[in-house]
Structures are given as C-alpha cells and as structure tokens.
Amino acid sequence: MPEVNTEKIFASFLLSVEQVTSIDEFNDLEKEYLGKNSLISEERKKLSSMSEISRKKYGKVLQELSTQISERLNQERLSFQSKFFKEKELKDNKDITINWYKDLGSREHVLTSVMNEVVDIFSAIGYTVATGPEAETSWHNFDALNTPDWHPARYESDTLYLDENLEQLLRTQTSTVQVRHMQNNKPPVYIVAPGRVYRSDQLDATHSPVFHQIEGLAVDENLTFSDLKGTLEYFVQEFFGKEIKTKFIPHFFPFTEPSAEVLVSWKDGEWLEILGCGMVDPNVFQHVGYDKNSQGFAFGVGVERLAMIRYKIDHIKNFYENDLRFLRQF
Amino acid sequence: MKVLKSWLNDWIDISEISNEDISEGLESLGFEIEEQSDLKPNYSNIVVGKVLEIYPHPNADKVRVTKTDVGSKTYEIVCGAWNFDVGAVVSVALPNSEIKDGFKIDKRDIRGVESNGMICSASELDLWDDHEGILILDDNILPGTDFSSIYTSSDYLWNIGITPNRGDCMSYLGIARELSNYFDKKINIKKSKLNPSITNILNTNSGKIKECDSYGSVEIENFTVTDSSFLIRYRLSNVGTRIINNVVDITNYILYDVGQPLHAFDRDKLFNTVSVRKAKNNETVTTLDSQKRKLTNDDLVITDGDKPIALAGVMGGLETEVTDSTVNLLIESAYFDKVSIMKTSRKLGLISDASIRFERGIDFNIQKYGLEQFLMTLKDSQDIKYSELSIDTKNNIKNEKVNLKKDEIKKLLGIELKDSFIKKTLKNLMIDGEIKNDNIEFTAPSWRYDLDRPVDLIEEFAKHHGFNNFSSNLPQGLYKNEKGNFWKVKEYLSKILISNNFQEIQTLSFVNKEMNTVFNPEKKYVTVFNAIDKSNNYLRSNLMSSLLDTYIFNLKQNNILNSYFEINTVFNSSVDNTFNDVPNQNVVLGFITSANLTTQDIRKSNQNIDIYYVKSLINQLINDTQLEPIIKPGFHQNYSFSIFKNNEIVGHFGQLSTELQNNFEIENEVFLGEIYVNKLNLNELKLINYKRLSQYPFIKFDLSFSVPVEFSAHLIVDEINKLLSKNENEIEIFDDFQHENSRNLGIRIVTRSYEKTYDDNETRQILMKISNSLEAKFKITLNSGNND
C-alpha cells in the first residue's frame with residue numbers, strides 16, 4: 001500500500017518555515033500543507049477506499065502528521081510575529097528629549113485653583129459658598145462690621161468710593177458677605193465667601209488695587225474659641241500639609257472679639273501670618289438683626305498671600321498681568 | 001514700636017529672663033514681632049582720651065594736631081573737627097581698632113604728620129547721627145577707660161506691632177504692664193520728688209472745649225540748651241528718634257517712657273494766658289517745619305492770648321520754638337480728643353510720635369505724671385528752677401463700671417477660668433474689679449479704651465490665658481460638599497473651557513472709558529470717585545475688552561495661545577437685581593478665541609476655528625440652547641447671536657467686527673462671548689436624556705439638495721429628525737457649497753430602527769419618503785445621482 005513519507009513531508013515543511021520572510025507566508029504554508037489541496041488532504045480522500053484496519057492505521061498517521069504540522073506552524077508563527085514586532089519597534093526610535101507639544105493644555109488661573117481648593121476644604125466640613133456684591137454700601141462694609149466712623153480704613157486714601165457722599169464703595173473685605181448672608185438667613189450658618197476686594201493701592205510688588213479674600217463664618221449654638229481654633233488648624237493642615245504647625249496670636253479687628261492672627265511654621269523656622277480671625281463681635285450680630293446672645297466665629301484669608309507663600313511668587317503683579325509665561329507654570 | 005531690653009528693665013525686672021521667653025511673651029500678648037536683633041557695639045578697641053595740647057598742622061589749614069592722653073601713653077593725633085578745646089575728654093580709635101561697619105583705623109601719615117589713630121564722632125561709632133563734630137565725653141572719665149564700659153551697646157531690641165486699639169501700649173510703661181502679668185512680676189512705678197522754687201508767671205488752662213479735657217504745664221527757669229545724657233541719647237537713637245538737644249530729647253524720652261506727649265515752649269516768647277481752642281476757618285499757624293498751615297474749625301490750636309502758637313497734639317509752632325538761646329521753658333502736658341487729633345493729622349499729612357499716641361488715646365490721667373517725670377529727668381543733669389505743676393482738668397472722661405457674668409466666659413471661650421487667675425489678671429493689669437458671686441464687676445483704668453463691654457474683659461482673659469493654650473475642636477455644618485449652585489456652575493463651565501484649551505485669566509476690574517463703550521455704548525457706567533489711576537476710573541461693563549487686551553498682550557510677548565476666558569463681575573449703574581442698595585453687578589463668563597494663530601511649530605495641525613466651532617462650544621457649555629441673531633456693537637453684522645435657554649437670555653457670542661479686528665491689528669478672525677453665570681442652574685446643565693442604543697445595523701445615505709441662498713440648514717435636519725422620530729438618528733450637514741446664486745446642501749443621514757434590520761426595499765422607501773417630504777415642504781430640489 002502506497003503511503004506517503006511523513007518524515008519527508010515534515011522535513012520539507014520545516015525547510016519552508018525557515019524561509020518565511022513575512023507573516024502572510026504562514027497562511028500560504030498553512031494552505032499548502034493543511035489546506036484542501038494539500039498532500040495530506042489528497043491522502044485523506046484515499047482512506048475511504050481502504051480496509052478498515054488500514055484506514056484506521058493510515059488515518060492515524062495522517063492525523064498525527066497534520067497535528068504535528070499545525071502545532072509547529074502556530075508555534076513558528078507566534079515566535080516570528082513576536083520577533084517581527086520587536087524589531088519593528090526597535091527601529092522606531094524617536095528623540096524624546098524634544099518637547100514638540102510643550103504648550104499643550106490650558107489651566108485655571110492660579111488664584112482660581114487656590115480658591116477652589118480652599119472652598120473644597122471647607123465644603124468637606126459643611127460650609128457652603130455665599131456671595132455678595134463687590135460694589136457695596138459703606139454701611140455693609142464698615143458700620144455693620146462695627147467700624148467706627150472715624151476709623152482710618154474709611155479714609156479716601158484707603159478705600160475706593162463710588163460717590164462723593166462716600167455712601168457706596170468697592171468692598172475692602174469679603175466680611176461684607178457675612179453681613180448680607182446673616183441679614184437673609186437664620187442660624188445655623190456655615191459659609192465661605194470667596195471674592196474680589198479693593199483697596200486704594202497702586203499695583204506694585206506687594207500691593208494691588210484688586211485682590212481676593214475668602215471669608216468664613218460659622219454661627220451655631222455653643223460655638224466657642226476652641227471651635228475657631230480647631231477649624232483653622234484643620235484648614236492649615238489640609239492646605240499646607242500635616243507637618244505644618246500653627247500658632248494664634250492676639251490681634252484686633254473691629255468685627256471680632258477676641259481676635260487673632262494665625263501664623264504657620266514655614267521653612268527655616270520662620271512664622272508667616274496667613275489669616276485673621278475671631279469670635280463675631282456682639283455688635284455685628286445686633287446690626288444684622290440676630291439675637292444678641294448668638295455665638296460664632298469668622299475668619300478671612302488672602303488668596304494671593306496663600307498662593308505667594310505656597311509657590312514662592314515674588315510679585316503680586318504677576319497675578320493680573322496674565323502673561324502666559326506665568327499662567328502656564330501652575 | 002521699638003523696645004530696648006535695658007530700657008524695659010527700668011519698669012520690670014527682666015534681666016534674668018531670656019530674650020526668647022520675652023519674645024514669646026510679647027507675641028502671646030498680641031504684640032506682633034516685626035523684627036528683633038541682638039545689639040552689639042559696632043566698634044572695637046575704642047578708649048577714652050584727654051586732649052592735652054592742640055596746635056596747627058604745618059601743611060594743612062583744615063585740620064589740627066592734638067596731643068591726646070589715652071591712659072598708658074600720649075599720642076599725636078590729627079583731627080578735622082573744631083568743636084573741642086584743650087582739656088576735652090573724647091573717644092579715641094587707637095591704631096589697630098575698628099569703627100563703624102568694620103572700618104579699620106591705623107597709624108596714618110596725614111600731610112607729613114603721623115596720626116596715631118582718630119578722635120571719633122558719634123556717627124563714626126554708630127551711636128547716633130551727629131555731624132556737629134567729635135563726641136565730647138564727661139570731664140571726669142579717666143583717660144584709658146574702655147569706651148564700651150561707659151556706653152551701653154550690648155542690648156536686645158524688638159520692633160513690635162501695636163494694634164490700633166492699644167494706644168496704651170505705645171510706651172515702655174504700657175508694655176511693662178502687660179508683661180508684668182505674663183511673667184507675674186511687679187512693675188516699678190518711678191517715683192518723683194520735686195521742690196518747686198519759682199512761681200508761675202503765665203496762666204494756662206484747658207480752654208472751653210470738650211476736645212481738651214486736661215491741660216497741664218510747668219515753668220522752668222535757669223535752663224541751658226545742651227546735649228542730653230548718654231543714656232537718653234543711646235535709648236532714643238535706638239528707638240529711631242533723632243537726637244536734637246536736651247529739652248527735645250527729654251520730651252521725646254518721656255513720650256516713649258510713659259506715653260505722655262509733651263511740648264516745650266520758649267517761655268520768653270509767650271505773653272498771655274496759654275489755652276486751647278478750635279481754630280477759625282482759614283486761620284494759619286506756621287509749624288516747626290516752617291510750613292504755613294491753613295486751618296479749619298475742626299483743628300485744635302494752642303493759643304497765647306488769642307494767637308495760635310501750635311497745632312495741638314500734632315506739631316509745635318515755629319514762633320515759640322526752643323532755640324539755643326532759650327533759658328526759660330513752658331512744658332505742656334495735655335490730653336486731646338482722639339478723633340480731633342486724627343482728623344487734623346490725616347488732613348495735613350502730619351503724623352508725629354505725639355499725634356499717633358493722641359489719636360489712639362493716651363491715659364487721661366497721666367498729664368501730671370508726665371510733667372513730673374520730665375522734671376525728674378531734666379533736673380538730674382541740670383541745676384534748674386521750676387514752678388508748681390499747673391493741671392487744669394475738666395474731668396469729663398470717666399470709665400463706667402461694667403458687669404460680666406462669669407458663665408459668659410465659658411460660653412464664649414469654652415474653658416473654665418479659675419477665680420485665682422481672674423483676680424491675678426485684674427490686679428496685674430491694674431483693672432479695678434472684683435468677683436461678686438457669679439459676676440465680675442470692673443472699671444477700665446484711665447489708659448484703656450477697649451474695655452467697656454463684658455466681652456472686652458473676656459478677650460483680656462483669653463489673651464492672658466494664652467491663645468495657644470486653648471484646646472481645639474472641629475465643628476461641622478450640616479451640608480457637606482454642598483458648594484451651592486453658583487460655585488458649581490462656575491466650576492462646571494470652566495472645566496469644559498479648560499478641556500477645550502482655553503486658559504483662565506484674572507484681570508483688574510478697572511478700565512478706561514473706551515473699553516466700556518466699544519462693546520456697551522448704551523450702558524450707564526459705574527465710576528470710581530477717588531480712582532487711583534484717573535484714566536482707568538471705570539468699573540468694567542464687560543469682560544471682552546480685558547480679554548482682547550490679554551490676547552494682544554500675550555501675542556506681543558511671543559506667547560502663542562488664542563483661547564482665554566475669565567469669570568468675574570461686570571457693573572452698570574442701574575439697580576442690582578438681588579440687592580437694591582447697590583449698582584447692578586453680574587458675574588459673567590467671558591471668552592475669546594480666534595482662527596488659527598501663526599506658529600512656527602510645523603508639527604501642530606491647523607485648528608481652523610470659526611463661528612461653527614464657537615457655536616459647538618456654546619452647545620458644550622450649555623445644553624438645549626436656542627440662538628437668535630442680534631445686532632451688537634463691536635460684533636460682526638451677521639455673526640452675533642443671543643443665547644437662550646428656557647426662553648431666557650443666558651449669554652451671547654459672535655465674531656468681533658472686522659473693523660475692530662483691523663483697528664486692533666489682529667491678523668485672524670476673533671470670536672468673543674459672554675455667559676451670564678447667575679442665570680444657569682447646574683442641575684439643568686447636567687440634565688441628561690439618555691437615548692437607548694438600537695441593537696440593529698444602521699443604514700446610511702447622503703442627499704444633496706439645491707436650496708435658496710438664504711435657506712437655514714437646520715430646518716432640513718429638524719424635519720428629517722421629525723420624520724425618523726422613532727429611530728436612533730445621526731443627521732448632519734456635511735457640505736454647504738455656494739456659487740453665486742446657487743447653493744447645494746449635503747446631508748448625511750445615519751439611522752437605525754429599534755425593531756429590525758432594514759432591507760434594501762425599506763431603505764429605498766425611507767429615502768424616498770425623506771426626499772419627497774423635504775422637496776414638498778421647503779420647495780427645494782433633490783440633486784440626482786448622489787444617493788448612496
């Protein structure tokens with residue numbers, strides 16, 4: 001009975017495999033050795049005319065050959081493929097040191113991102129954002145905040161007014177939002193009020209006629225000085241990091257009593273002032289129509305100052321010039 | 001205020017307390033430490049010498065040669081000063097010594113004469129500024145004495161901030177009082193023992209006005225103008241006061257020491273009763289600085305008879321000034337009203353050590369003590385004769401008794417204070433008070449203007465308890481992470497713009513008139529009455545001008561970016577919608593972008609920004625908007641649109657008018673817009689109508705129609721959507737070709753049924769239905785041979 005020489009066929013297959021130069025040739029080889037018109041298929045057609053014993057035996061031989069070829073083919077194909085792509089990648093070698101897309105992407109202004117961060121820190125402990133007008137009445141900016149009418153802050157050299165009777169002005173502090181908010185809302189109050197404030201200053205390295213503050217106010221039953229202290233310590237640690245220490249030193253603001261300034265420990269043991277705070281003065285509660293026994297605390301932080309400390313920014317003018325060389329650094 | 005440790009030590013024994021502990025004490029009491037420094041002599045190897053001989057220099061006219069005894073030896077020293085004679089005791093920098101700032105002194109040949117060192121002036125030793133010549137020392141100091149042993153130069157200096165409510169702490173006495181409680185040490189009140197030996201020849205009184213509650217004075221005879229003592233000169237120069245002469249120095253010294261401003265008149269230039277009154281309008285007085293000051297009825301003047309001779313509490317007058325020939329003095333020690341002095345001093349721009357103390361409020365009961373201390377100091381160094389003190393007091397100022405309930409302390413501070421602490425604090429701060437059952441009754445001392453309410457005393461206790469000794473607690477509000485609609489809309493919109501490569505900016509709120517009129521010629525503007533920069537005295541009515549400015553500014557800086565936005569307030573003079581007592585203010589999001597910028601980077605693809613891009617940006621920012629053309633100043637005639645949401649205007653956008661583009665010298669088309677942040681609601685912006693996905697294959701065909709030039713393409717899109725409303729559709733215009741009076745619109749329709757796979761026949765029917773409906777409805781023609 002004529003039988004094909006399986007070893008010879010396999011040897012010829014191996015020889016062909018060695019000569020493969022592209023992945024597609026594996027498909028050709030598969031066709032040639034295992035396809036419809038392959039030698040193996042031709043031989044299989046002969047099986048039906050064989051005796052049962054021969055058929056079984058020869059069938060098994062053909063099956064083994066076919067399996068052997070198919071397994072080897074897949075194995076070779078995978079290894080060829082993996083080698084092929086590795087070589088392809090090695091040839092593609094760009095100089096990554098070039099910054100082709102250096103200006104990719106745009107950003108929030110650094111002042112906005114600092115404000116958002118502060119708002120997030122306080123919203124996490126239940127403070128909502130409150131707003132108020134930037135062009136304000138003198139009453140909201142000064143009188144309601146317990147600032148006597150002879151106070152130097154009211155001088156035209158310090159405050160920008162909108163009329164000659166000095167009845168309307170550009171708010172000098174976001175504390176005005178405290179007043180507006182309390183006039184329209186009953187306690188408990190937990191708010192932060194980010195926004196622009198104005199002073200009669202020329203734009204220079206450390207002064208700007210426009211800058212930003214974030215005011216905070218909490219009025220609730222039984223709020224004490226310890227609550228104020230804990231709140232601001234929480235803020236400092238969230239903003240500057242857990243390792244930063246704070247200290248509170250007595251200060252004076254017309255609208256709080258006791259009043260304090262908060263200092264944070266900075267590099268080289270230096271202490272920097274970052275915010276002012278205090279227990280809301282009873283006169284303020286009275287002005288907004290709250291019960292005179294109300295209790296709460298308020299604080300105000302300068303946004304530019306936070307940014308300048310954190311990023312070591314040397315010139316306040318940078319914030320308002322909007323030079324992309326500056327804006328893109330943050 | 002500058003605080004010298006050695007001076008403070010006069011009042012409270014702190015010699016054994018470390019500088020660090022004192023710093024901590026000062027700070028915890030509310031004195032912000034602005035600067036602190038260790039003072040060391042700025043010289044070395046300086047000795048005392050006595051001038052034995054003086055003779056002319058053989059080769060130079062401007063200097064003399066001295067023989068000076070320096071204890072161990074007698075040296076020949078050349079000297080250029082002429083303010084001394086034989087017998088003068090002086091400070092000598094020997095060869096191999098150092099004067100101010102490490103300047104080395106050695107033997108030196110001066111025009112043929114060898115000078116063995118230098119005779120020094122006060123400024124050469126960095127003691128104080130003195131250009132009168134060399135420093136003359138006391139006759140009885142022995143030659144050879146080490147100079148640093150007779151002049152204290154080792155000390156510690158703090159420069160501390162004093163809050164405006166604590167005028168009483170603008171003196172050594174005041175600071176000592178605060179520290180005395182901190183360190184629990186007694187303060188030493190300086191005593192005075194006086195023997196008046198002359199009678200007053202002038203009458204003085206506090207006048208008829210309430211602004212001068214107390215006017216004290218003393219007359220002094222047999223006085224000589226000379227230098228004040230070393231101690232006084234040392235102390236004053238270190239607190240930053242100019243050294244002048246004994247009388248001026250001692251008045252300044254008492255001001256710093258006890259807080260009472262004094263003024264010295266030359267008594268021989270006064271002739272009538274000295275009193276105080278309000279100035280008449282347009283009355284003038286020439287002050288010590290030779291300035292003629294025009295006064296108003298708000299100012300207080302000291303008068304001789306009726307003639308104004310000084311600006312009370314602010315500055316003395318030139319005419320009655322003490323001069324080198326003065327021999328008799330009248331020293332004034334008065335209490336003037338805080339507000340009145342403040343107004344005069346601010347109005348005239350005259351701020352003196354005296355005026356800042358008066359305006360913060362000085363002790364209303366210290367006028368006599370101030371005079372006594374002045375006399376005690378002056379008579380120490382000079383054999384003067386003086387009169388009885390004259391104090392005319394109206395006694396109108398009185399501190400009332402206040403009652404503090406003890407449980408208020410715990411309520412506000414959260415801590416319980418012991419009675420012993422309360423008693424100790426009251427006593428050390430000299431607050432007249434006592435605990436009566438559950439109350440503390442107290443009266444503020446005459447130097448305190450910040451203790452007239454119960455809460456004021458609580459603050460005092462809190463401060464003296466130490467702010468850093470309080471426990472910390474973190475109270476929380478009910479609504480966590482609820483920032484409110486305004487803030488969330490702001491964050492939502494800016495996130496979208498940033499993801500589209502828009503850079504946020506923050507520009508100043510002040511603009512010139514043109515920046516308002518260019519976009520809002522119709523509006524009433526808000527102006528700043530006392531603007532810093534008179535040309536930028538307008539509050540902006542729009543953000544677009546600032547955005548254009550920034551766009552152009554960065555191009556000029558070679559910074560390549562075409563897209564910016566800003567979220568800030570714009571103003572106009574109508575009444576605000578929310579607050580009826582202020583001008584109208586709205587928070588607006590303004591943005592700018594432009595067609596592609598020229599860049600040298602060949603790898604960057606063209607962005608091709610046009611009005612369609614901006615329109616799609618608007619749709620990304622605000623869902624479900626309708627646009628309506630609107631003619632707006634500064635904008636393109638055709639490309640300017642109002643943005644409506646829920647039938648309300650929420651903004652506008654468009655292309656900058658080509659004329660303005662030309663005027664601003666901008667190369668590319670510019671697009672601008674504003675969105676009214678307060679009109680948007682985050683829940684609506686985030687409202688999502690989920691459309692389920694069809695599981696069946698899509699069919700797709702392109703149609704081309706001939707349409708009139710004026711035709712609005714969205715009509716076709718809307719109509720097709722209506723016809724295929726049961727399907728999942730993507731319908732878009734893919735071509736808009738215009739040539740003279742003809743126009744072809746290409747529409748691509750991709751649609752899927754939710755129920756089945758369309759066969760060829762059904763597909764054809766759909767296509768027919770659409771083209772027939774559109775042709776019939778809009779009277780447009782389907783171009784043949786272009787369906788797919």
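So that the names make sense, note that chain A is the first sequence line, chain B the second, and so on, each numbered from 1. Quick caveat: nothing in here was measured; it's all calculated off a predicted structure.
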Please report the C-alpha distance between A:Y127 and A:F235 in whole Å, then the side-chain angles of each, then the deciding distance to 0.1 Å, and finally whether the ring pair (Phe, Tyr, Trp, His ring centres under 6.0 Å) criterion is met. CA-CA 12 Å; A:Y127 286 69; A:F235 164 68; over 10 Å; no

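- Here the CZ-CG distance, from A:R328 to B:N559, works out to 7.0 Å after rounding to the nearest 0.5 Å.
- Note that CG of A:N222 is 10.0 Å distant from NZ of B:K410, once rounded to the nearest 0.5 Å.
- Under the 4.0 Å criterion applied to side-chain N and carboxylate O atoms, B:R360 and B:D450 are not assigned as salt-bridge partners.
- In this structure, a donor-acceptor pair under 3.5 Å is present between the side chains of B:R540 and B:S546.
- Contacts of A:S208 with chain B are made by side-chain atoms alone, with heavy-atom separations under 4.5 Å and no backbone atom involved.
- Proximity to chain B (any heavy atom under 4.5 Å) is restricted, for A:Y198, to the side chain, taken from C-beta onward.
- Taking B:Q503, B:K480, B:K490 one by one and counting their heavy-atom pairs under 4.5 Å with chain A, the maximum is reached by B:Q503.
- Interface remark: A:L166 contributes side-chain atoms only to the contact with chain B (heavy atom separation under 4.5 Å).
- At a 4.5 Å heavy-atom cutoff, the contact between A:P133 and chain B is made by backbone and side-chain atoms alike.
- With a 4.5 angstrom heavy-atom cutoff, A:Y190 touches chain B only via side-chain atoms.
- Proximity to chain A (any heavy atom under 4.5 Å) is restricted, for B:L29, to the backbone atoms N, CA, C and O.
- A:D281 and B:R453 are joined by a salt bridge, as a carboxylate oxygen and a charged side-chain nitrogen come within less than 4.0 angstrom of each other.
- Proximity to chain B (any heavy atom under 4.5 Å) is restricted, for A:Q295, to the side chain, taken from C-beta onward.
- Checking A:E134 against B:S509 by side-chain atom types alone, no donor-acceptor pair falls below 3.5 Å.
- In this structure, the side chains of A:N322 and B:F553 stay at 4.5 Å or more apart for every pair of heavy atoms.
- With a threshold of 4.5 angstrom between heavy atoms, A:D163 approaches chain B through N, CA, C or O but not through any side-chain atom.
- Put simply, the side chain of A:H207 does not reach to within 4.5 Å of the side chain of A:I316, judged on heavy atoms.
- Heavy atoms closer than 4.5 Å to chain B are found in the side chain of A:L263, but not in its backbone.
- In this structure, B:D581 pairs ionically with A:R180, as a charged nitrogen and a carboxylate oxygen lie closer than 4.0 Å.
- No side-chain heavy atom of A:F297 sits under 4.5 Å from any side-chain heavy atom of A:C277.
- The part of A:E261 that comes within reach of chain B is its side chain, from C-beta onward, which places non-hydrogen atoms under 4.5 angstrom from that chain.
- No side-chain donor-acceptor contact under 3.5 Å links A:E156 and A:Y161.
- Ranked by heavy-atom pairs under 4.5 Å with chain B, the list A:T131, A:T128, A:D227 is led by A:D227.
- Contacts between A:E164 and chain B at a heavy-atom distance below 4.5 Å involve backbone atoms as well as side-chain atoms.
- Using a 4.0 Å cut-off between charged side-chain N and carboxylate O, B:K343 and B:E359 make no salt bridge.
- Contact count versus chain B (heavy atoms, under 4.5 Å) is highest, among A:L228, A:L111, A:T231, for A:T231.
- A salt bridge links A:R325 and A:D323; the closest N-O separation between the charged side-chain nitrogens and carboxylate oxygens is under 4.0 Å.
- For chain A, the nearby part of B:N554 is the side chain; its heavy atoms alone come within less than 4.5 Å.
- The residue among A:L169, A:L203, A:V210 with the most heavy atom pairs within less than 4.5 Å of chain B is A:V210.
- Neither the backbone nor the side chain of A:I191 comes within contact range of chain B; no heavy atoms are under 4.5 Å apart.
- Ranked by heavy-atom pairs shorter than 4.5 Å toward chain B, the options A:K247, A:K229, A:E321, A:E257 are led by A:E257.
- Of the atoms belonging to A:N293, heavy atoms from both backbone and side chain fall under 4.5 Å from chain B.
- For the residue pair A:H140 and A:T137, a side-chain donor N or O sits within less than 3.5 Å of a side-chain acceptor on the partner.
- The aromatic rings of A:H212 and A:Y320 lie parallel to each other, their planes meeting at an angle below 30°, with 60° marking the opposite boundary.
- To the nearest 0.5 angstrom, B:F571 atom CZ is 10.0 Å from B:N584 atom CG.
- For a residue to count as touching a neighbouring chain, one of its non-hydrogen atoms must lie under 4.5 Å from one of that chain's; by this rule B:S28 touches chain A with the backbone only.
- Using a 4.5 Å cut-off between heavy atoms, A:N283 contacts chain B through both its backbone and its side chain.
- B:E459 contributes atom CD, which lies 12.0 Å from atom CE of A:M279 (distance to the nearest 0.5 angstrom).
- Interface residue A:E233: only side-chain heavy atoms are found under 4.5 Å from chain B.
- If you measure heavy-atom distances from B:E482 to chain A, the contacts under 4.5 Å come from both the backbone and the side chain.
- Looking at B:V526, only its side chain comes within 4.5 Å of chain A, counting heavy atoms on both sides.
- Between chain B and the options A:Q202, A:R196, A:E136, A:E273, heavy-atom pairs under 4.5 Å are most frequent for A:R196.
- For a heavy-atom cut-off of 4.5 Å, chain A lies close to B:F467, B:N468, B:N469, B:F470, B:S471, B:S472, B:N473, B:L474, B:P475, B:Q476, B:G477 in residues 466-477 of chain B.
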